[in-house]
Amino acid sequence: MLLSLVVHTYSLRYWFPATVMLGTAPVYVLSWAAWRFLSSALPARLYHQFDDRLYHIYQSMVLFFFENYTGVEIIIYGDIPKSKENVIYLSNHQCTADWIIADMLAIRQSALGHVRYVLKDGLKWLPLYGFYFSQHGGVYVKRSAKFNEKAMRKKLIRQTQAGAPMYLVIFPEGTRYNPDLKNVIADSQAFSAKEGLGILKHTLTPRMKASHVAIETMRDHLHAVYDVTVAYESKQFAKGQRKPAPSMPEFLCKECPRVHIHFERVDIKEIPSEPLFFRRWLHERFEIKDQLLSDFYESEEADKLCSFPGKRRLSPLGLSKTLPSLMVLGGLTLPLLLTECGRKLYVRTWVYGTLLGWLWVNAFP
């Protein structure tokens with residue numbers, strides 16, 4: 001009986017925030033659709049300004065759960081610019097919580113609404129979210145030979161011509177690094193060796209296509225690349241062996257007490273254009289990440305303070321940044337659920353919104 005209660009209480013740590021985040025999605029999509037209709041005769045710049053504001057509200061509500069609710073400590077190494085910039089955010093990729101880290105940095109720069117993602121193609125099938133991420137400026141891409149460079153360029157050009165602020169998040173590894181998947185790591189290292197590139201221990205070999213297309217397409221629109229390296233500090237560390245990064249449920253269940261974020265700004269003028277040189281540049285950036293992660297996990301193995309090299313700064317996020325958004329979205333959702341007509345609209349939004357969204361993202365990639 002006691003064990004069942006403990007298990008139930010533990011599961012609520014995840015199901016409560018997950019229910020709220022998913023449960024407010026129909027209201028958010030309805031609000032966006034209303035603005036999309038009303039702004040159809042307005043300049044695209046005005047549409048993007050309000051859309052970014054709506055996105056800021058939803059994502060700050062998400063951060064209420066991933067930061068304030070979990071109590072995770074965010075430790076930052078490096079100086080994040082205070083002014084907003086048009087940037088590409090490049091990061092190592094370890095788990096489904098990685099995209100939240102981009103939000104954590106963006107909100108500290110007052111740029112949360114500008115965050116957009118380069119996403120693997122399968123995510124377009126997410127109910128409601130798959131369609132909206134595309135509408136907000138996200139780009140769905142396929143790997144290797146199936147990568148559609150023309151479609152990506154077209155979408156990014158459309159965004160820049162409309163003057164949309166850009167905080168484009170890319171994970172160049174293409175898939176998550178999991179220390180338990182030895183075959184994936186071995187294949188990645190074999191690819192590096194074949195191409196004459198340095199062998200990486202704590203990341204996979206970065207693929208250049210999406211990053212290169214994004215930077216070259218928007219070079220005149222961008223100010224910098226934010227090179228970000230993330231390490232998740234686990235409550236339990238297997239001596240001498242790196243553990244997999246926490247999944248989103250584990251993160252929400254407070255299994256990650258601290259996230260370490262190493263930040264470096266690279267001016268867009270310093271990045272080579274020619275594909276061969278760009279490939280070398282990108283791999284060199286990941287070699288730096290690999291060394292940072294080696295230093296981090298070696299300090300953990302030696303029972304030292306887990307840390308990247310350099311000055312560390314604890315960066316708490318105040319409730320005033322997140323709680324109002326939770327109250328706004330919750331306040332809009334509850335009236336729908338408390339009336340029969342509202343419940344019908346709520347369910348139909350999930351069903352028909354998802355189906356129409358799937359048709360749209362496949363017809364207009």
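This one's a predicted model, so the numbers in the text were calculated from it and none came from an experiment. Position 1 is the first residue of the sequence, and the numbers go up from there.
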Cationic tip of [X] above [Y] ring, under 6.0 Å, 45° of axis:
{"X": "R258", "Y": "Y232", "answer": "no"}
{"X": "R176", "Y": "F171", "answer": "no"}
{"X": "K254", "Y": "Y69", "answer": "yes"}

Salt bridge check, D180 against K182: does any charged N sit closer than 4.0 Å to a carboxylate O?
no

Does the distance from a Lys or Arg side-chain N to an Asp or Glu carboxylate O, for E195 and R279, drop under 4.0 Å?
yes

What is the minimum heavy-atom distance between [X] and [Y], and which atoms define it?
{"X": "L156", "Y": "A214", "answer": "CD1-CA, 3.7 Å"}
{"X": "F37", "Y": "S40", "answer": "O-OG, 2.9 Å"}
{"X": "Q59", "Y": "Y117", "answer": "NE2-OH, 3.8 Å"}
{"X": "S60", "Y": "S325", "answer": "OG-OG, 2.5 Å"}
{"X": "A97", "Y": "M248", "answer": "N-CG, 3.8 Å"}
{"X": "I199", "Y": "Q189", "answer": "CD1-O, 3.3 Å"}

Exam field: side chain K155 to backbone S134, donor-acceptor pair closer than 3.5 Å
yes

Looking at S39 and L42, would you say the former's side chain and the latter's main chain have a donor-acceptor pair under 3.5 Å?
no

Evaluate Y77 against F263 for ring-ring contact (aromatic ring centres under 6.0 Å, His included), listing each step before the verdict.
CA-CA 6 Å; Y77 306 74; F263 176 91; over 10 Å; no

If only side-chain N and O atoms count, and only distance matters, is there a donor-acceptor pair under 3.5 Å linking [Y] with [X]?
{"X": "H202", "Y": "Y297", "value": "no"}
{"X": "S188", "Y": "T205", "value": "yes"}
{"X": "K124", "Y": "N362", "value": "yes"}

Can you list the steps and then say if R219 with S273 is a side chain to side chain donor-acceptor pair (under 3.5 Å)?
CA-CA 9 Å; R219 184 173 283 271; S273 297; 3.3 Å; yes

Linked, directly or transitively: [X] and [Y] (ILVMFWY side chains, under 4.5 Å):
{"X": "L329", "Y": "L319", "answer": "yes"}
{"X": "F277", "Y": "I215", "answer": "no"}
{"X": "I57", "Y": "L323", "answer": "yes"}
{"X": "F16", "Y": "F64", "answer": "yes"}
{"X": "I157", "Y": "I88", "answer": "no"}

Within a radius of less than 6.0 Å around CZ of F191, do more than 12 heavy atoms belonging to other residues, nucleotides or ligands occur?
yes

Mind running side chain to side chain contact (heavy atoms under 4.5 Å, CB included) on T333 and Y346 for me, showing each step along the way?
CA-CA 9 Å; T333 301; Y346 183 89; 4.3 Å; yes

For residues [X] and [Y], determine if any side-chain heavy atom of one lies less than 4.5 Å from a side-chain heavy atom of the other.
{"X": "Y58", "Y": "T24", "result": "yes"}
{"X": "P172", "Y": "L90", "result": "yes"}
{"X": "E287", "Y": "L197", "result": "no"}
{"X": "I100", "Y": "F65", "result": "no"}
{"X": "L123", "Y": "F133", "result": "no"}
{"X": "N92", "Y": "L293", "result": "yes"}
{"X": "M104", "Y": "E67", "result": "yes"}
{"X": "W358", "Y": "L356", "result": "no"}

Distance from [X] atom [atom1] to [Y] atom [atom2], nearest 0.5 Å?
{"X": "H114", "Y": "H48", "atom1": "NE2", "atom2": "NE2", "result": "12.0 Å"}
{"X": "L314", "Y": "I75", "atom1": "CG", "atom2": "CD1", "result": "6.0 Å"}
{"X": "M21", "Y": "T19", "atom1": "CE", "atom2": "OG1", "result": "9.0 Å"}
{"X": "T322", "Y": "N68", "atom1": "OG1", "atom2": "CG", "result": "3.5 Å"}
{"X": "L336", "Y": "T349", "atom1": "CG", "atom2": "OG1", "result": "7.5 Å"}
{"X": "F278", "Y": "K209", "atom1": "CZ", "atom2": "NZ", "result": "13.5 Å"}

Intermediate values then yes/no, salt bridge (charged side-chain N to carboxylate O under 4.0 Å, His left out), E340 and K344:
CA-CA 6 Å; E340 184 177 353; K344 288 181 179 179; 3.8 Å; yes

Run the side-chain donor-acceptor check on residues 221-231: report pairs under 3.5 Å with partners two or more places apart or on a different chain.
from	atom 1	to	atom 2	distance (Å)
H221	NE2	A164	O	3.0
H223	ND1	N86	N	2.9
Y226	OH	E85	OE1	2.5
Y226	OH	Q109	NE2	2.8
D227	OD1	K289	NZ	2.5
D227	OD2	R285	NE	2.7
D227	OD2	R285	NH2	2.9
T229	OG1	K289	NZ	3.4

Hey, can you tell me if W32 and Y47 have their rings parallel, tilted or perpendicular (30° and 60° cut-offs)?
perpendicular

List the steps and the verdict of side chain to side chain contact (heavy atoms under 4.5 Å, CB included) for Y140 and V118.
CA-CA 6 Å; Y140 291 109; V118 173; over 6 Å; no

Show the numbers, then the answer: is there a side chain to side chain donor-acceptor pair (under 3.5 Å) between H93 and D98?
CA-CA 6 Å; H93 192 21; D98 286 336; 2.7 Å; yes

Test side chain to side chain contact (heavy atoms under 4.5 Å, CB included) on E233 and V259; report intermediate values, then the result.
CA-CA 6 Å; E233 188 175 332; V259 176; over 6 Å; no

Tell me the salt bridge (charged side-chain N to carboxylate O under 4.0 Å, His left out) pairs involving residues 38-56, sequence neighbours left out?
D52-R116

Assess whether side chain to side chain contact (heavy atoms under 4.5 Å, CB included) is satisfied between D103 and L112, documenting all intermediate values.
CA-CA 6 Å; D103 287 354; L112 184 57; 3.7 Å; yes

